[in-house]
A.B. asks: 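Before I ask anything, let me first share the structure, which is written out below as structure tokens.
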Amino acid sequence: MEYDFNRIEQKWQDRWREWQTYKVEEDTSKPKFYVLDMFPYPSGAGLHVGHPLGYIASDIYARYKRHKGFNVLHPMGYDSFGLPAEQYAIQTGQHPAITTENNINRYREQLDKIGFSFDWSRELRTSEPNYYKWTQWIFKQLFNSYYCNIDNKALPISELVEELERNGNALVQSPCDEDTPLFTAEEWKALSEAEQQAILLKYRLTFLSETWVNWCEGLGTVLANDEVKDGRSERGNFPVEQKLMKQWSMRITAYAERLLEGLEQVEWNDSIKEIQRNWIGKSEGASLRFSVENSSEQIEVFTTRLDTIYGVTFMVLAPEHELVNSITTASQKEEVESYCQQAALKSERDRQSDVKSVTGAFTGAYAIHPFTNEKIPIWIGDYVLASYGTGAVMAVPCGDQRDWNFANKFGIEIKNIFKDTDISEGANEDKAAIIDNSDFLSGLTAQEAIQQAILAIEKKEIGKGKTNYRLRDAIFSRQRYWGEPFPVYYENDIPRLTNDESCVELPEVDKYLPTEEGEPPLARAKKEDWNVFQGDRMEHNTMPGWAGSSWYFLRYMDPQNDTEFVSKEKADYWGQVDLYIGGAEHAVGHLLYSRFWTKFLYDRGFIAFDEPFKKMINQGMILGRSNFVYRIKDSNTFISLDKRKDYKTSRMHVDIELVDKDVLDIEAFKKWREEYKEAEFILNDEGKYICGFEVEKMSKSKYNVQTPDDLVEKFGADTLRMYEMFLGPLEQFKPWDTKGINGVHNFLRKFWRLAHDENNQIHLSDDEPTKAELKSLHKAIKKVTEDIDRKAFNTVVSNLMIAVNELNDLKCNKRYILKDLIVLIAPYAPHFAEELWEKLGHTESVTLANWPKFDEQHLKEDAFTYPISFNGKMRFTLELSADLSKEDIEKEVMAFEKTKQYMEGKNPKRIIIVPKKIVNIVL
RNA sequence: GCCCAGGUGGUGGAAUUGGUAGACACGUUGGACUUAAAAUCCAAUGGACAGUAAUGUCCGUGCGGGUUCAAGUCCCGCCCUGGGUACCA
């Protein structure tokens, strides 16, 4: 074999390991560049061809940056805590650590075969104590911090304590639990230590509290909001219900505004930014209290349309609202209670899916309109969510469609407060309408009226301008085994941090299931099973999957550090991740949490930047190409795609291994399954069985999975790398089709032959290159450099092909040309490039070679071929000297024979000439 | 419903700032080499029409308008596909 890729790839993978080619150290003499792939979870299924797509792109970029003289950090590791290994442990009793280890080894083996330039000496595993020790350490820092809205940053909790001793909490401006009481310094000092701890817990950035959580019975744990999709768990698709539980949370809401602002600083694609903006869900408006008639109670509402205050004709409380019981009148009690019961029975999912039907009940109570003093009926309705705002709304049926629907259904008055606007068929939600029938707001636009109304409620002291966020605090505990233990123990039910500096390690347990009492699996561990045990008991929850992945990019900078999570010096050197590549599925989970932790660590002075990922690219999914066979109903006869129209057939997936170019290998198919042994076939006119096809997600059940291993075996890693890039733009979703891989493989062989003779011996010429050869080379240098810079990884391959095709036509085997071309291809086909580079006589790795310099002069042309258009239609081309002036071009064109032919004897109205671009003659 | 991507040959895609639409590949067809096959090499390949041919004409980037000397690219309106989100007051 002329290009013996199997031998070459093995040889260079061994040598890279031996030479430690990709090991990287901090080096202040060079500019740094940090290229990172999203942390993979090592699943048991291994990699399919879709997984390495992003890794290949980042690897190419990392290699390119090294050639350009950057000191490149390009690490890889494993987010190795997680549910699948634990589910497997529950089923089989095998410790999740063993499953995880096996899966990692398989992953590593597959990754190594593709020839990545990872610095494996920096490998991380979140499930290793020397890693999660520092995850626990960050948790401790969060526990020991509160957020100060005056300084707009996180501060040590000790500073809060000092303030509480000085002035109580009257002057403290900090996000805290809603039930935090107001107290003086004296009152604070009078509290017991335990009581003080309970108060401080209400301010800490990570805190324990009784909250409504997403409980997933199927997984036996609570889930964060981003882990729930349509009322079901994202992993496993189990139903999720609301449950009141005591849980650890992260006060991410304190960072809502900064998380929003920070999006302006990063180069991410707009759709991900938009998803985060929606998730944070900022809305500006006002909070306002309504008095309740014959009651001391007040109902607080949040509204973004305070301008429509005069249009309020009723109020609606969520069924779970705490005032429902106390304000409902005796005569309405029965109706309200039965409504609330019905609402409680409905799952979150049902309530969300059943948006169309309007339901509610009247409480019998009335609120007082703060400006008109009119009585407004108070209703309850499940279209108002307890979890957003205050769980109550002031209903303005003329200006809000939901309120309109509700009023319409229950026959409540719909007051029109918009000038020249018809609201008989629906509400007017257009902010452009002028306010009318609204006393001091009449005649104003929405914007002006909102401002005036806020001033008015502030003056009356019944409300104020307020910004609301949809973002909720993130639940941080999981009732699972395979996760980070908390560095927390309990004493008299007060949670305290372990004062031991060492890591609280995951104890051994007899089973990976909850206890009889429903306690998490860690409750099974006896005192002596813990390496650290303090107080009455240790925390039994573990941390969620996103704990370890929220800061891993920092640990890569200093993975072996035993005294710090990362040294300041190294964090300052490597800084932000310059290029982050991964899927878009982490938009509101990982990508939001790591931004949160980064900002926190920045606030507390541990790192010098507050956004983790400067630029991000989200690679699109590679879809599978499935094949189908068609069985005639109630028979064992299969019919070719093109003949099936005359029969009733059922379509079935067939393994793509049994199909070549949509033609079925009938013998192989018969052997595939016992039941097809005797199958009959109706072939098409050419005697072939043609299969149908469809593009869909790769999955085992569709028999369309393509693993990289087979392809590496058959074509080599370099071909696979190039082909995955050649498929199309990185960010696009695209179907996988192995048909095209031959083209890329042939290209590498063609390149190989350029440098070898018929006997496969290296054969190079030391002659001076010709003008044409230099032109081909420099055209390639220019295009390849520009395209990699703008991350257009697909067109780079095309341009290398063009260069090789041209040099092949020129029969160019000049050392001078090929040495640069080898460096150009090195990021894409590193083994191939190393082998040729060595054959050229180099003793060092091609990765140390400088990127070729582009020289404009080789592309200079004496002539330019002008497209000559008439009325915008291109008719012919004309080669003219490149340095002609506009006037000369016009003269030449007009004098040309063919021009006259197209002029049809007319005089041109206009002649447009763009030098080195186009000539257009307007008739 | 709302928000964000995207829609170009038989297929994947290219065209970076408005300037020769379809680069580069795959596939298909024909040819060379070969006892044969594979591999390799060469040629053709958006569609329609006219011509023996060289060649020429028309149509053509989801649809309908518009701006411009010139539109895949810009503007307006719509259709379709994919993703996100959904009673958020």
Side-chain angles (χ1 to χ4, degrees), chain A residues 2 229-230 269-279 281-283 285 301-305 308 316 351-356 358 381-385 387-396 399-403 405-406 468-471 584-585 587-588 618 620-621 623 625 661-662 693 695 723 726-729 731-744 746-747 749-750 753 783 786-787 789-790 792 794-802 805 808 865-877 908-914 916-923:
Chain A
E2 33 183 14
K229 286 233 147 56
D230 300 326
N269 85 46
D270 289 337
S271 69
I272 294 260
K273 287 192 192 182
E274 200 59 28
I275 291 169
Q276 290 214 345
R277 280 191 201 106
N278 292 340
W279 189 260
K282 180 181 184 176
S283 53
V301 300
F302 174 76
T303 178
T304 55
R305 293 297 304 271
T308 63
V316 187
R351 240 169 102 166
Q352 282 180 7
S353 58
D354 189 18
V355 173
K356 294 279 178 291
V358 177
D382 68 3
Y383 81 94
V384 175
L385 304 178
S387 58
Y388 183 77
T390 60
V393 301
M394 58 173 228
V396 184
D400 183 291
Q401 192 56 47
R402 294 157 303 175
D403 296 344
N405 292 343
F406 196 87
N468 225 10
Y469 297 90
R470 198 187 82 116
L471 185 70
E585 67 272 17
V588 288
N618 304 110
M621 203 189 300
L623 303 165
R625 189 178 188 279
K661 290 168 190 162
D662 290 337
F693 75 91
V695 169
Y723 184 56
F726 188 60
L727 230 40
E731 293 175 87
Q732 228 162 73
F733 279 59
K734 52 209 165 242
W736 177 259
D737 190 347
T738 38
K739 270 192 288 185
I741 202 167
N742 276 309
V744 173
N746 286 343
F747 154 71
R749 299 175 18 154
K750 209 176 201 176
R753 283 200 304 273
K783 291 291 288 178
E786 282 173 1
D787 288 357
D789 276 334
R790 69 186 173 103
N794 53 331
T795 49
V796 171
V797 183
S798 307
N799 286 303
L800 289 168
M801 286 174 169
I802 292 169
N805 286 343
N808 192 51
T865 307
Y866 280 91
I868 312 297
S869 308
F870 294 82
N871 290 334
K873 280 190 180 131
M874 207 282 284
R875 292 304 181 183
F876 57 88
T877 56
K909 285 194 188 124
R910 240 177 114 182
I911 300 176
I912 284 134
I913 293 166
V914 185
K916 290 195 181 174
K917 274 267 165 69
I918 197 168
V919 175
N920 189 17
I921 297 164
V922 185
L923 297 173

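None of these values were measured; they are calculated from a predicted model. Chain A is the first sequence line, chain B the second, and so forth, proteins listed ahead of strands; every chain is numbered from 1. Every heavy atom of this structure was used, including side-chain atoms; hydrogens, water molecules and symmetry mates were not.
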A.B. asks: Are any of A:Asn805's side-chain N or O atoms less than 4.0 Å away from OP1 or OP2 of B:A25?
C.D. replies: yes

A.B. asks: If I pick the C1' atom on B:A48 and the same atom on B:G60, what distance separates them, to the nearest angstrom?
C.D. replies: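 It works out to 10 Å between them.
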
A.B. asks: In whole Å, what separates the C1' atom of B:A15 from that of B:A71?
C.D. replies: 13 Å

A.B. asks: How many whole angstroms separate atom OH of A:Tyr469 from atom P of B:A89?
C.D. replies: 13 Å

A.B. asks: Reckon A:Ser869 has a side-chain N or O less than 4.0 Å from the OP1 or OP2 of B:C69?
C.D. replies: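 Checking B:C69 against A:Ser869, no side-chain N or O comes under 4.0 Å of OP1 or OP2.
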
A.B. asks: Measuring only the C1' atom in each nucleotide, how far is B:C63 from B:C24? A whole number of Å is fine.
C.D. replies: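 Those two atoms are separated by 30 Å.
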
A.B. asks: How does RNA chain B look in dot-bracket form if you count Watson-Crick and G-U pairs under 3.5 Å, write [ ] for pairs that cross, and put | where a base pairs with another strand?
C.D. replies: (((((((..(((......[....)))((((((.......))))))(((((....)))))..(((((..]....))))))))))))....

A.B. asks: Angle class for the A:Tyr723/A:Trp736 ring planes (parallel below 30°, perpendicular above 60°, tilted otherwise)?
C.D. replies: perpendicular

A.B. asks: Quickly work out the A:Ile272 CD1 to B:G84 C1' distance and round it to whole Å.
C.D. replies: 10 Å

A.B. asks: Determine the interatomic distance between P on B:U52 and the same-named atom on B:G46; round to the nearest Å.
C.D. replies: 22 Å

A.B. asks: Side chain of A:Asp270: nearest nucleotide among B:U40, B:C69, B:A5?
C.D. replies: B:A5

A.B. asks: Would you say a side-chain N or O of A:Arg875 is under 4.0 Å from OP1 or OP2 of B:C58?
C.D. replies: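 True: A:Arg875 side-chain N/O within range (under 4.0 Å) of B:C58 OP1/OP2.
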
A.B. asks: Minimum heavy-atom separation for A:Asp403 and A:Met394, please, with both atom names.
C.D. replies: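 Smallest interatomic distance, heavy atoms only, reads OD2-O, 4.0 Å.
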
A.B. asks: What's the closest nucleotide to the side chain of A:Glu274 if the choices are B:G12, B:U40, B:C3?
C.D. replies: B:C3

A.B. asks: Consider the side chain of A:Ile912, meaning its heavy atoms from C-beta on, and name the nucleotide among B:C69, B:A89, B:A15 that approaches it most closely.
C.D. replies: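 The answer is B:C69, which lies nearest to the side chain.
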
A.B. asks: Could you tell me how far apart A:Asn618 (CG) and B:G6 (P) are, to the nearest whole angstrom?
C.D. replies: 13 Å

A.B. asks: Distance from A:Thr303 atom OG1 to A:Arg305 atom CZ, nearest 0.5 Å?
C.D. replies: 8.0 Å

A.B. asks: Not counting sequence neighbours, which residues clear side chain to side chain contact (heavy atoms under 4.5 Å, CB included) with A:Asn808? List them please.
C.D. replies: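 Partners of A:Asn808 by the side chain to side chain contact (heavy atoms under 4.5 Å, CB included) criterion, ordered by chain and then number, come out as A:Lys750, A:Leu754.
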
A.B. asks: Measure the shortest side-chain to side-chain distance between A:Val744 and A:Met801 over non-hydrogen atoms and say whether it is less than 4.5 angstrom.
C.D. replies: yes

A.B. asks: Given B:G13, B:G19, B:U20, which nucleotide is nearest the side-chain atoms of A:Gln732?
C.D. replies: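 Closest of the options to the side chain of A:Gln732: B:G13.
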
A.B. asks: Please determine, for the side chain of A:Met801, which listed nucleotide (B:A89, B:C24, B:U57) has the closest atom?
C.D. replies: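 Shortest atom-to-atom distance from the side chain points to B:C24.
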
A.B. asks: Which nucleotide sits closest to the side chain of A:Ile275: B:G84, B:A89, B:G19?
C.D. replies: B:G84

A.B. asks: Remember a base hit wins even if backbone is also touched, and classify A:Ser271 as base, sugar-phosphate or nothing at under 4.0 Å, heavy atoms.
C.D. replies: sugar-phosphate

A.B. asks: Just how far, in rounded Å, is P of B:C41 from CD of A:Glu2?
C.D. replies: 10 Å

A.B. asks: Say you pick atom P in B:U16 and the same atom in B:G27; how far apart are they, in whole Å?
C.D. replies: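 One P to the other, the span is 28 Å.
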
A.B. asks: If you find the nucleotide of RNA chain B closest to A:Gly391 and the one closest to A:Ile741, which residue's nucleotide is nearer the 5' end?
C.D. replies: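 Closer to the 5' end of RNA chain B: A:Ile741.
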
A.B. asks: Pick the closest RNA chain B nucleotide for A:Val919 and for A:Gly281 by heavy atoms, then say which residue is nearer the 5' end.
C.D. replies: A:Val919

A.B. asks: Rounded to the Å, how far apart are A:Phe870 CZ and B:G56 C1'?
C.D. replies: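 Rounded to whole Å, this separation is 15 Å.
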
A.B. asks: Students often mix this up, so state it plainly: with edges at 30° and 60°, are the rings of A:Tyr388 and A:Phe302 parallel, tilted or perpendicular?
C.D. replies: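 Ring orientation, 0 to 90° scale: perpendicular.
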
A.B. asks: Would you mind reading off the distance between A:Leu471 atom CG and B:U85 atom P, rounded to a whole angstrom?
C.D. replies: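 Nearest whole value for this atom pair: 14 Å.
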
A.B. asks: About how many Å separate CG of A:Asn278 and CG of A:Leu471, when rounded to the nearest 0.5 Å?
C.D. replies: 12.5 Å

A.B. asks: Considering non-hydrogen atoms only, spot the tightest contact between A:Val914 and A:Tyr866 and give its length.
C.D. replies: O-CE2, 3.9 Å

A.B. asks: Applying side chain to side chain contact (heavy atoms under 4.5 Å, CB included), name anything that partners A:Asn405, two or more places apart in sequence or on another chain.
C.D. replies: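 Applying side chain to side chain contact (heavy atoms under 4.5 Å, CB included) to A:Asn405 gives A:Val358, A:Gln401.
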
A.B. asks: Which part of the nucleic acid does A:Asn920 contact within heavy-atom distance under 4.0 Å: base, sugar-phosphate only, or nothing?
C.D. replies: base

A.B. asks: Which heavy-atom pair separates A:Val393 from A:Val301 by the least distance, and what is that distance?
C.D. replies: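 Closest heavy-atom pair between A:Val393 and A:Val301: C-CG1, 3.7 Å.
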
A.B. asks: Under 4.0 Å: is that the gap between some side-chain N or O of A:Arg470 and OP1 or OP2 of B:U85?
C.D. replies: no

A.B. asks: For B:G31, does the O4'-C1'-N9-C4 (purine) or O4'-C1'-N1-C2 (pyrimidine) torsion place it in syn, i.e. within 90° of 0, or in anti?
C.D. replies: anti

A.B. asks: Does A:Arg277 have a side-chain nitrogen or oxygen under 4.0 Å from the phosphate oxygens OP1 or OP2 of B:C4?
C.D. replies: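 It does not, given that no N or O in the side chain of A:Arg277 lies less than 4.0 Å from OP1 or OP2 of B:C4.
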
A.B. asks: Closest to the A:Arg790 side chain: B:A15, B:C69, B:C41?
C.D. replies: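 Among B:A15, B:C69, B:C41, the one nearest the side chain of A:Arg790 is B:A15.
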
A.B. asks: Using atom P of each nucleotide, how far apart are B:A21 and B:C2 to the nearest Å?
C.D. replies: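 Here B:A21 and B:C2 have their P atoms 38 Å from each other.
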
A.B. asks: For atom C1', what is the distance between B:G18 and B:U61, given to the nearest Å?
C.D. replies: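 Taking atom C1' in both B:G18 and B:U61, they lie 15 Å apart.
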
A.B. asks: For the side chain of A:Asn794, counting heavy atoms from C-beta on, which of B:C24, B:G12, B:A14 is nearest?
C.D. replies: B:A14

A.B. asks: Can you tell me which nucleotide in B:A89, B:U20, B:C69 comes closest to the side chain of A:Met874?
C.D. replies: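 Minimum distance to the A:Met874 side chain belongs to B:U20.
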
A.B. asks: According to a strict under-4.0 Å criterion, is A:Arg749 in side-chain N/O contact with OP1 or OP2 of B:U40?
C.D. replies: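 Yes, because at least one side-chain N or O of A:Arg749 sits under 4.0 Å from OP1 or OP2 of B:U40.
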
A.B. asks: Between A:Trp279 (CH2) and B:U85 (P), how many Å, whole number?
C.D. replies: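 After rounding, the gap between these two atoms is 7 Å.
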
A.B. asks: Considering only atom P, compute the distance from B:A23 to B:A14 and round it to an integer number of Å.
C.D. replies: 13 Å

A.B. asks: Taking only the side-chain nitrogens and oxygens of A:Asn746, find out if one of them lies under 4.0 Å from OP1 or OP2 of B:U40.
C.D. replies: yes

A.B. asks: Any Lys/Arg nitrogen of A:Lys783 or A:Glu786 sitting under 4.0 Å from an Asp/Glu carboxylate oxygen of the other?
C.D. replies: no

A.B. asks: How long is the line joining NZ of A:Lys750 and P of B:A25, in whole Å?
C.D. replies: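 About 6 Å, once rounded to whole Å.
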
A.B. asks: Among B:G12, B:U16, B:A89, which is the nearest nucleotide to the side chain of A:Pro735?
C.D. replies: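 Taking heavy atoms from C-beta onward, the closest nucleotide is B:G12.
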
A.B. asks: Between B:U16 and A:Lys783, counting only base atoms on the nucleotide and side-chain atoms on the residue, is there a donor-acceptor pair under 3.5 Å?
C.D. replies: yes

